[in-house]
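Please read the structure below before turning to the comments.
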Amino acid sequence: MPELPETETIARDLDAALRGATIDAGEIVRADVLRDTTPAALRRAIAGATIRGVHRRAKSIVIDCAPAAPDATIQHLVVTPRFTGALLLTAPRDDRYTCLRFALRDGRTLCYHDVRRLGTVAGHDMRRHAEWQGALGPEPLDPTFTVDALWGSLRGSRQAIKTVLMDQRRLAGVGNIYANEALFRAGLRPTRAARSLRRREADALLRSLREVLAASIALRGTTFRDFQDAYGARGGFAAHLAVYGRADAPCVTCGTVLRATHRLAGRQTVWCPTCQR
DNA sequence: AGGGGAACCCGTACGC
DNA sequence: TGCGTACGGGTTCCCC
């Protein structure tokens, strides 16, 4: 569930709270969430490490670390919460689902909590981190990302526009909720072939996408079911969703009953048959 | 190559 | 009530 606005919310809060902090020790409770590292290597890398900063890339939270051990190569912890994952600075409501626990030198605890455990925590050395970054597409909120770059990418695909928006290699950070919302705002039907878009439609799409992402970030993301921020609080954008989760309800613009299908890449897709062409 | 499908995981919803 | 089963959801990996 956490997409770009939700992981951005977590990353901003953690950067403010953790920049410069030192991790005393890490406890790995559920090793199956780990990627690209082992429990022993991760513990050694973070024992005594300083947190340089925290930022977001795609739908992941990246914690930049300066390890204390000279032979520790892990520089970045990449946390991808997927559906139920949470990075918490407060005590989790149910400790049964704590996967990782980091004790900070100042007495605080940062934990990775995940009920379904489809989320992951990767330990990256510089090489692996560059490889991971390189596999991801551009950030939609990056001002250097242009309409023509988006349009060029869309023109290469005969897939449905919604599927292409969610393809992390073409565009990073957009998931099911914001793909549905951006297409509604742009007046584009989700099933349209990506390469059928005119340039002015790609322009409307990029502007809609940026608007909806920025509006959601301003309200600290969408909590539809599971998303919680670093302090266990909910996001405020769910009340502003125009189509996602509103199948069979009236369109907010024209009142037409919203249509839904599950057949587009196996995910809930909702649109207004009148407003979206 | 690019697209399709399974696997990952477990709470929730639903059927019997 | 209690048990069993189907389902969902993004990403990765495998296969065609």
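Order of the sequence lines fixes the chain letters, A, B, ..., with proteins taken first and strands second; residue numbering starts at 1 for each chain.
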Any side-chain N or O of A/Q168 less than 4.0 Å from the OP1 or OP2 oxygen of C/dT11?
->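 Answer is yes, contact under 4.0 Å.
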
Heavy atoms under 4.0 Å, any strand shown: does A/R117 hit a base, just sugar-phosphate, or nothing?
-> sugar-phosphate

Which part of the nucleic acid, if any, lies within contact of A/D32, taking any heavy atom under 4.0 Å across all strands shown: a base, the sugar-phosphate backbone alone, or nothing?
-> sugar-phosphate

Kindly check if the number of other-residue, nucleotide or ligand heavy atoms within 6.0 Å of CZ (A/R277) is above 12?
-> yes

Count the heavy atoms belonging to other residues, nucleotides or ligands that lie under 6.0 Å from CZ of A/R93, then report whether that count exceeds 12.
->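 Count not over threshold, so no.
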
Are A/H124 and A/H129 close enough that their ring centres sit under 6.0 Å apart?
->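 Ring centres of A/H129 and A/H124 closer than 6.0 Å.
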
Take the protein atom [atom1] of [X] and the nucleotide atom [atom2] of [N], then report the distance between them rounded to whole Å.
X      : N      : atom1 : atom2 : result
A/E6   : C/dG10 : CD    : P     : 12 Å
A/R116 : B/dA13 : CZ    : C1'   : 12 Å
A/D114 : B/dC8  : CG    : C1'   : 12 Å
A/E3   : C/dG10 : CD    : P     : 7 Å
A/F227 : B/dG11 : CZ    : P     : 21 Å
A/H113 : B/dC10 : NE2   : P     : 13 Å
A/L165 : C/dG10 : CG    : P     : 13 Å
A/R82  : B/dG11 : CZ    : P     : 18 Å

Side chains of [X] and [Y], heavy atoms from C-beta outward: is any pair under 4.5 Å?
X      : Y      : result
A/P81  : A/I61  : yes
A/L110 : A/L87  : yes
A/R35  : A/V78  : no
A/L258 : A/P250 : no

Among C/dG9, B/dG11, C/dT11, the one nearest A/Y97 by side-chain distance | B/dG11

Looking at B/dC9, B/dG11, C/dT11, which one has an atom nearest to any side-chain atom of A/V115?
-> B/dG11

Tabulate protein N/O versus nucleotide N/O from nucleotides 3-5 of chain B, keeping only pairs under 3.5 Å, one per line.
unit_1 : atom_1 : unit_2 : atom_2 : d
B/dG3  : OP2    : A/Q159 : OE1    : 3.4

Using side chain to side chain donor-acceptor pair (under 3.5 Å) as the criterion, point out the one residue from A/K162, A/R267, A/E3 that pairs with A/N176.
->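 That would be A/K162.
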
Looking at residues 128-142 of chain A, who's got a heavy atom less than 4.0 Å off DNA chain C?
->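 When residues 128-142 of chain A is checked for heavy atoms under 4.0 Å from DNA chain C, there are no hits whatsoever.
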
side-chain hydrogen bond (donor to acceptor under 3.5 Å, both in side chains) evaluation trace for A/S216 with A/Y178 | CA-CA 9 Å; A/S216 182; A/Y178 299 102; 2.6 Å; yes

